[in-house]
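Chain naming here is simple, since letters A, B, ... match the order of the sequence lines and numbering starts at 1 in each. Computed over heavy atoms, backbone and side chain alike; hydrogens, waters and symmetry mates excluded.
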Protein chains: 2
Amino acid sequence: MTVMHLSESTEMYLKAMAELGGQDAIAAARLAERLNVTPVSVNEMVRRLGEQGLVSHIPYKGVRLTKKGREVACNVLRRQRLWECFLYDHLKIEWSQVYEFACSLEHATAPEVTEALAGFLGNPQTCPRGNPIPAADGSFKPLDAMPLSEAKLGEMAQVLAVNATATDVLKYLQEKNILPGRVVTVIEVAPMQGPLTLHVGGKDVALGLSMAEFVLVKKIDK
Amino acid sequence: MTVMHLSESTEMYLKAMAELGGQDAIAAARLAERLNVTPVSVNEMVRRLGEQGLVSHIPYKGVRLTKKGREVACNVLRRQRLWECFLYDHLKIEWSQVYEFACSLEHATAPEVTEALAGFLGNPQTCPRGNPIPAADGSFKPLDAMPLSEAKLGEMAQVLAVNATATDVLKYLQEKNILPGRVVTVIEVAPMQGPLTLHVGGKDVALGLSMAEFVLVKKIDK
DNA sequence: TGGAATAATAAGGTCAACCATAACATTTTT
DNA sequence: AAAAATGTTATGGTTGACCTTATTATTCCA
Ligand SMILES: [Mn+2]
Ligand SMILES: [Mn+2]
Ligand SMILES: [Mn+2]
Ligand SMILES: [Mn+2]
């Protein structure tokens, strides 16, 4: 089984699916949003990925990673998050920029470099955004967390991870103190898909639902 | 002056010209060899680079970097050699593989990352192959060295740098102990473009002239 | 159950970076 | 001064990854 070289584009499609999808099928439109391409382009690409056995597409149901596709995706996530650790911990790059820089490096990283980097970093388990780093064999224990968007009024929760990728979104979350480790309390839930109001770090913060989807939290009792 | 994003291909053409050319014009055929493409492809690309003001082409004379092109090339060399330092000194990657891995990373490295990396490494002046690392402003003092291929019978010289890039060539030079710092003595020069025989590290080594062109040395008196 | 919304396809383009083959121009060598 | 070698241009292809503008198919919902 030769390890063909996959393009940056291919790796990004697979990574996006792993980040969005968990196990279930993903609507092509969601992929299009995240990758900033048109749905037509996603459909074309999905056909190509299907031919390579990386995804399966059930029309009108969605796209799903195959075993092979998931393996590749986990490996991309590993490279990405290891670079995030290096950029943040050793190069002292701005937290909100770490993702985008790592997202370039991930595609230019040979297996030998990935593993040497993991060793250099001491085999970290999570990246600066709180996401778990898949092991070299691809194994991967997903966070036991729920999206903040599902939290109810009055609930307290601890932020475990931020799954956003856009630098401006990350910058916004950083400014508002919505960062891994922080505890937030939901003090208002506006109707009609309106924003959540949170209490965090001594301040009140309004957070739109779609942003809150990318904040993964663990409920705290009491 | 917006810093348009240059493709990997563009960066590799410019870097190859800086590595091969020094100041003078480079024959398109030399570029084609180094980049493993056909001369026709080089001509097409040279046209595109010319339109962007990165090179100037005098037909039948050769291609030459413009000021702007040289700046870009030096910046690519900076990124490349900084990564070489990191991979070799911190990740303990095999000496002969360091170039090829750095050659991927160089195109995926934002300016902020380049400068943070330089700081992390303590602003090194040379890469593991002995080549000088251009400064952040692009300034660059070339080695005061000659190619080993020009050494005369009986001469002693110290290896300053190895300018080869192919992993198998680097592996060969490493095996034969032709590495930065080593002192070599020319004990035979075969006629008809034949190989040099060197004494280095207690052993006699035959080295073809074309490989010797990529070994930069400083003559040692007596 | 019939629209509306959503998803998928079809058709026709673009662009960068490669390829081969052939014709032509210039330089170098004999 | 020819001939040979080298370099350049012209033509015509390919591939991956995008795009737009229809058209068609399916699902969802009132
Ligand atoms: Mn990426
Ligand atoms: Mn390169
Ligand atoms: Mn088409
Ligand atoms: Mn053409």
Side-chain angles (χ1 to χ4, degrees), chain A residues 3-17 20-21 24-64 69 72-73 76 103-104 106-108 192-193 210, chain B residues 3-17 20-21 24-64 69 72-73 76 103-104 106-108 192-193 210:
Chain A
V3 180
M4 72 225 98
H5 186 252
L6 300 171
S7 69
E8 171 161 348
S9 199
T10 295
E11 289 193 338
M12 286 306 283
Y13 272 81
L14 299 177
K15 189 180 84 165
M17 290 178 65
L20 290 176
D24 19 74
I26 298 136
R30 296 292 79 65
L31 264 182
E33 266 170 30
R34 194 165 245 234
L35 297 167
N36 266 296
V37 293
T38 63
V40 176
S41 296
V42 169
N43 262 299
E44 287 174 6
M45 189 64 173
V46 161
R47 184 185 42 70
R48 282 192 291 266
L49 296 175
E51 284 163 5
Q52 294 173 265
L54 295 166
V55 305
S56 64
H57 182 204
I58 301 154
Y60 301 99
K61 294 300 167 187
V63 198
R64 173 179 266 123
V72 173
V76 179
C103 187
S104 297
E106 65 192 356
H107 313 289
M192 290 186 62
Q193 318 267 63
S210 44
Chain B
V3 179
M4 74 221 102
H5 186 252
L6 300 170
S7 70
E8 170 161 350
S9 200
T10 295
E11 290 193 339
M12 286 305 285
Y13 273 81
L14 300 177
K15 188 180 86 166
M17 290 178 64
L20 290 175
D24 17 77
I26 299 137
R30 295 293 77 66
L31 264 182
E33 267 170 27
R34 195 167 244 232
L35 296 167
N36 266 296
V37 294
T38 63
V40 174
S41 296
V42 169
N43 262 299
E44 286 175 5
M45 189 64 172
V46 161
R47 184 184 43 69
R48 281 191 291 266
L49 296 175
E51 284 163 5
Q52 294 173 265
L54 296 166
V55 305
S56 65
H57 181 204
I58 302 155
Y60 302 100
K61 294 299 165 189
V63 197
R64 173 179 266 122
V72 174
V76 180
C103 187
S104 296
E106 64 192 357
H107 312 290
M192 291 185 63
Q193 320 268 60
S210 44

Minimum-distance nucleotide to [X] side chain [options: [options]]:
X: A:V40; options: C:dA7, C:dC18, C:dA10; value: C:dA10
X: A:Y60; options: C:dT9, D:dT27, C:dA17; value: D:dT27
X: A:V37; options: D:dC18, C:dA16, D:dG12; value: D:dC18
X: B:Y13; options: C:dC18, D:dC19, C:dA8; value: C:dC18
X: A:S41; options: D:dC19, C:dA7, D:dT27; value: D:dC19

Donor-acceptor pairs are to be reported for all side-chain atoms of residues 27-36 of chain B against protein atoms at under 3.5 Å, with residues two or more places apart or in another chain.
residue, atom, partner, partner atom, Å
B:R30, NH2, B:E33, OE2, 3.0
B:R34, NH1, B:E19, OE1, 2.6
B:R34, NH2, B:N163, O, 3.2

Euclidean distance, atom CD of residue B:E33 to atom C1' of D:dG7 [Å, nearest integer]: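 In whole Å, D:dG7 C1' and B:E33 CD are 14 Å from each other.
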Take the protein atom CD of B:E44 and the nucleotide atom C1' of D:dT15, then report the distance between them rounded to whole Å.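 Value for this atom pair: 14 Å.
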Does the side chain of [X] get closer than 4.0 angstrom to OP1 or OP2 of [N] through an N or O atom?
X: B:S9; N: C:dA16; answer: no
X: B:R48; N: C:dA17; answer: yes
X: A:H57; N: C:dA8; answer: yes

Just checking B:T38: base, sugar-phosphate only, or nothing, at a heavy-atom cut-off of under 4.0 Å?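 Counting heavy atoms under 4.0 Å across all strands, the contact made by B:T38 is with sugar-phosphate only.
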Would you mind writing out the side-chain donor-acceptor pairs for residues 43-53 of chain A within the sub-3.5 Å range, not counting sequence neighbours?
residue, atom, partner, partner atom, Å
A:R47, NH1, A:E51, OE2, 3.2

5'-most by nearest nucleotide on DNA chain C - B:P59 or B:M45: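 Here B:M45 is the residue nearer the 5' end.
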